[in-house]
Trainee: 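Quick one: the structure is below, and I'll ask about it shortly.
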Protein chains: 2
Amino acid sequence: MATSDTRTRPVTLRDVAQLAGVSVATASKALNGKADVHPDTRRRVQEVADRLAFTPNSLARAITAGRTGTVGLLTHDLEGRFSLPILMGAEDAFGAGSTSVFLCDAREDAIREQHHLRALLGRRVDGLIIVGSRTDPRSSLGPDVPVPVVYAYAPSDDPDDASVVPDNVSAGRLAAEHLLTLGRRRIAHVSGDPTYAAAQDRATGVGQALAAAGLEQVGPVRFGSWSEAWGRAGVSAALDADPGIDAVVCGSDMIARGVLDALRERGVRVPQDVAVIGFDNWEPMIAGSRPALTSVDMNFETMGRRAATRLFSRIAGAAERGVETVAPRVVVRASTASG
Amino acid sequence: MATSDTRTRPVTLRDVAQLAGVSVATASKALNGKADVHPDTRRRVQEVADRLAFTPNSLARAITAGRTGTVGLLTHDLEGRFSLPILMGAEDAFGAGSTSVFLCDAREDAIREQHHLRALLGRRVDGLIIVGSRTDPRSSLGPDVPVPVVYAYAPSDDPDDASVVPDNVSAGRLAAEHLLTLGRRRIAHVSGDPTYAAAQDRATGVGQALAAAGLEQVGPVRFGSWSEAWGRAGVSAALDADPGIDAVVCGSDMIARGVLDALRERGVRVPQDVAVIGFDNWEPMIAGSRPALTSVDMNFETMGRRAATRLFSRIAGAAERGVETVAPRVVVRASTASG
DNA sequence: CTGTTAGCGCGTTCAG
DNA sequence: CTGAACGCGCTAACAG
């Protein structure tokens, strides 16, 4: 039957050369746009290659080139909230085609990380992007990895490594400044798990902005967990303590979602009575919120692009080290609409 | 120290052999556990390899082996809702280590798909998994792809291809049967975009279960969009038309989330007055819902494992063709708790 | 302009 | 038990 040739050996350059009646070297030069090939010859070779659907074997090419045109993306972010945008940014930066990305999920497990690391190095990736699951510094892979490494989202604890991280302090500042711009003066902050650097950093940023405006935050930062349930509970506690609150900074969009629900149920109007802002600009949370939620976007795609770009520089031999932050931006929606 | 040469060329088998004072062949045999090597020699080679952190070059190995130990996962699912669980299932099935996965995002774009396809084939992947963004059949890559292909989530329109898809008809049936088990008899169905096969299939399943129980659905299937807003609007319309509804099947967890909110705001108690069930068991939606949402899990990870397993069979030469469905399961939570 | 030769890193014969 | 030689697919350097 037709499937007899199931294992059709892929077409090689040799096949093309043979059918075009030239040597492999000539065929190679013709297809790679090198000089010193007669136009006619080039065209003929090109034609045959197309007809045979010839795909050059990158592996063989890699042997001599010394580079495989492949990078590894080793993530610990199970759900892909950070790693997918980063992957997309990286794909963009690498320019479709010349570089491909191996994605491995280490699931917060050092053993698995080690394992994938070996697998990736064995496949001779040209470089590695390591994505953490929180913004707290993580242990460096060390200087003995034979390829350049860039850490994304979670920085390496070794300042000599290259890291690209979101700027949560700026994000906090931006959030508070946005509320201040609207004329809000009695601002509370309901955040998530206080063991997360992201929670602390955002709180720091909020504090800076308020201090700069000569204001004090209404009540302490109410830390809890990264959940809607906590958002509901946290804002209730805040309102009970200080009914005069006119804005709430929420540690994440999920928390904001809970805050919005609780406010609505208490009959507090958003944004007229209280303005609400979240962090992450996470579509699934934003989409259903009432009113539509203003949020600080951490620009993960940019982070991916930057990580990829820095990795490229390092692959090319540049020194590239230290932590680079990615500036966030406020996406304004109804929950802080002026008026 | 050694790190002076930043671009430390990866250690090759030759290096190991030299330092161990043996030939490459001996080193190879020693490290690969082949017979006919003196135990002492083996140990010495092993030691040197460890000391040098030698990682065998899979690329070179692939040359002779004819297989690269690499598969491509080409997805159109931007957000990773399907492709990430599938990736994880695939990683599991491949057994950590021997096989790595190239993940590419084609973003619903045929050009990009073609492009990534070439890149993957050029890297000589042993096989491909193609993940669609909806369960509607997609055009086959055709028989000319030189490696085995398995389609996941979206089946190929060519029955000779191998596909692994969620069983949405069963899912609909399971959902309705679950409600029937609870004693609910007046069941409405609020679903999403009717152009999606998933919406139609789930509706079909619901209809089958009701018919089998000798019941009629309360009102038509209310199609709309895959959004919370539509969930709120849809259930309101349903209730206005038929106040006696005692259960609602929701086309997705997002819709269910909207339905729950609308019911609560109307003073309808869940599950006492109306039971609610969704589809997908999507954690971000489930987490914040009040009460906790019962949902039909489509078992994406299983889908990934099955896709990987079938791909393996095909790589090994098996015939493997046709569409395989993955059975869903109901995850019961408070929104349908009995009592 | 084109063909020949060498070699990349590794596994695999096949002689020693 | 060991080592030299071959080949995988391709490109670079050199001859013609």
Side-chain angles (χ1 to χ4, degrees), chain A residues 7-46 48-49 52-70 98 121-126 146-147, chain B residues 7-46 48-49 52-70 98 118 121-126 146:
Chain A
R7 210 42 80 244
T8 50
R9 171 180 58 67
V11 201
T12 79
L13 187 59
R14 195 200 303 281
D15 301 330
V16 177
Q18 215 155 37
L19 232 98
V22 297
S23 73
V24 266
T26 306
S28 169
K29 277 184 279 189
L31 293 178
N32 291 317
K34 294 292 171 69
D36 299 336
V37 179
H38 192 94
D40 287 351
T41 313
R42 190 189 299 279
R43 202 165 337 109
R44 193 152 36 89
V45 173
Q46 190 60 259
V48 175
L52 264 49
F54 166 69
T55 319
N57 186 332
S58 328
L59 277 60
R61 181 174 285 171
I63 291 182
T64 39
R67 310 194 313 106
T68 54
T70 304
S98 46
L121 291 177
R123 292 194 163 71
R124 292 294 184 269
V125 291
D126 298 331
V147 297
Chain B
R7 207 42 79 247
T8 51
R9 168 182 58 69
V11 210
T12 82
L13 186 58
R14 195 195 300 277
D15 300 330
V16 177
Q18 214 155 35
L19 232 99
V22 298
S23 71
V24 267
T26 306
S28 168
K29 277 185 278 190
L31 293 177
N32 291 315
K34 294 291 173 68
D36 300 337
V37 179
H38 192 91
D40 288 350
T41 314
R42 190 188 300 280
R43 198 161 344 104
R44 192 153 36 88
V45 173
Q46 190 61 260
V48 174
L52 265 50
F54 167 70
T55 318
N57 186 332
S58 324
L59 278 59
R61 182 173 284 170
I63 290 181
T64 39
R67 310 195 311 107
T68 54
T70 303
S98 45
R118 290 191 73 82
L121 291 177
R123 292 191 165 72
R124 293 296 185 266
V125 292
D126 298 331

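Chain naming here is simple, since letters A, B, ... match the order of the sequence lines and numbering starts at 1 in each.
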Trainee: Tell me the interatomic distance from B:Arg14, atom CZ, to C:dG7, atom P, rounded to whole angstroms.
Mentor: 11 Å
Trainee: Of the candidate nucleotides C:dG11, D:dG9, C:dC1, which contains the atom at the shortest distance from the side chain of A:Ala60?
Mentor: D:dG9
Trainee: What nucleic acid atoms does A:Asp36 come within less than 4.0 Å of, heavy atoms only: base, sugar-phosphate, or nothing?
Mentor: base
Trainee: Tell me the closest heavy-atom pair linking B:Thr68 and B:Arg123, and the distance in Å.
Mentor: CG2-O, 4.0 Å
Trainee: Looking only at side-chain N and O atoms, does A:Arg61 come under 4.0 Å of OP1 or OP2 in D:dT11?
Mentor: yes
Trainee: Would you say D:dC10 has OP1 or OP2 under 4.0 Å from some side-chain N or O of A:Ser28?
Mentor: no
Trainee: Hey, is the side chain of A:Thr64 poking within less than 4.0 Å of OP1 or OP2 on D:dC10, counting only N and O atoms?
Mentor: no
Trainee: Indicate, with a heavy-atom threshold strictly under 4.0 Å, whether A:Ser23 touches base, sugar-phosphate, or nothing.
Mentor: base
Trainee: Ignoring the backbone of A:Thr12, work out which of C:dC1, D:dG9, C:dG3 is nearest its side chain.
Mentor: D:dG9
Trainee: By the 4.0 Å heavy-atom rule, please label A:Lys34 as base, sugar-phosphate, or nothing.
Mentor: sugar-phosphate
Trainee: May I have the distance from A:Gln18 (atom CD) to C:dG3 (atom P), rounded to whole angstrom?
Mentor: 13 Å
Trainee: Select one nucleotide: of D:dT2, C:dT12, D:dC8, the one nearest the side-chain heavy atoms of B:Ala25.
Mentor: C:dT12
Trainee: Calculate the interatomic distance between A:Ile63 atom CD1 and C:dG9 atom C1'; express it in whole Å.
Mentor: 6 Å
Trainee: A:Phe54 and A:Thr12: which non-hydrogen atoms are nearest, and at how many Å?
Mentor: CE1-C, 3.5 Å
Trainee: Across the strands shown, which category fits B:Val22 at heavy-atom distances under 4.0 angstrom: base, sugar-phosphate, nothing?
Mentor: sugar-phosphate
Trainee: How close or far is atom P of D:dT11 from atom CG of A:Leu31, stated in whole angstroms?
Mentor: 8 Å
Trainee: Distance check needed: D:dG3 P versus B:Leu13 CG, whole Å only.
Mentor: 13 Å
Trainee: Distance check: side-chain N/O of A:Thr26 vs OP1/OP2 of C:dC1, anything under 4.0 Å?
Mentor: no
Trainee: So A:Thr41 and A:Thr26, side chain to side chain contact (heavy atoms under 4.5 Å, CB included) or not? Walk me through it.
Mentor: CA-CA 9 Å; A:Thr41 313; A:Thr26 306; 4.1 Å; yes
Trainee: Do B:Thr70 and B:Arg124 meet the criterion of a side-chain donor-acceptor pair at a distance under 3.5 Å?
Mentor: no
Trainee: Taking only N and O in the side chain of A:Asn57, is any of them less than 4.0 Å away from OP1 or OP2 of D:dC8?
Mentor: no
Trainee: Take atom CZ of B:Arg44 and atom C1' of D:dC1, then tell me their distance rounded to the nearest Å.
Mentor: 13 Å
Trainee: Starting from P on C:dC1, measure out to NZ on A:Lys29 and report it in whole angstrom.
Mentor: 11 Å
Trainee: Can you name the closest pair of heavy atoms from B:Lys29 and B:Arg42 and give their distance?
Mentor: O-NH1, 3.7 Å
Trainee: Nearest-Å distance, CG (B:Asp40) to P (D:dC1)?
Mentor: 10 Å
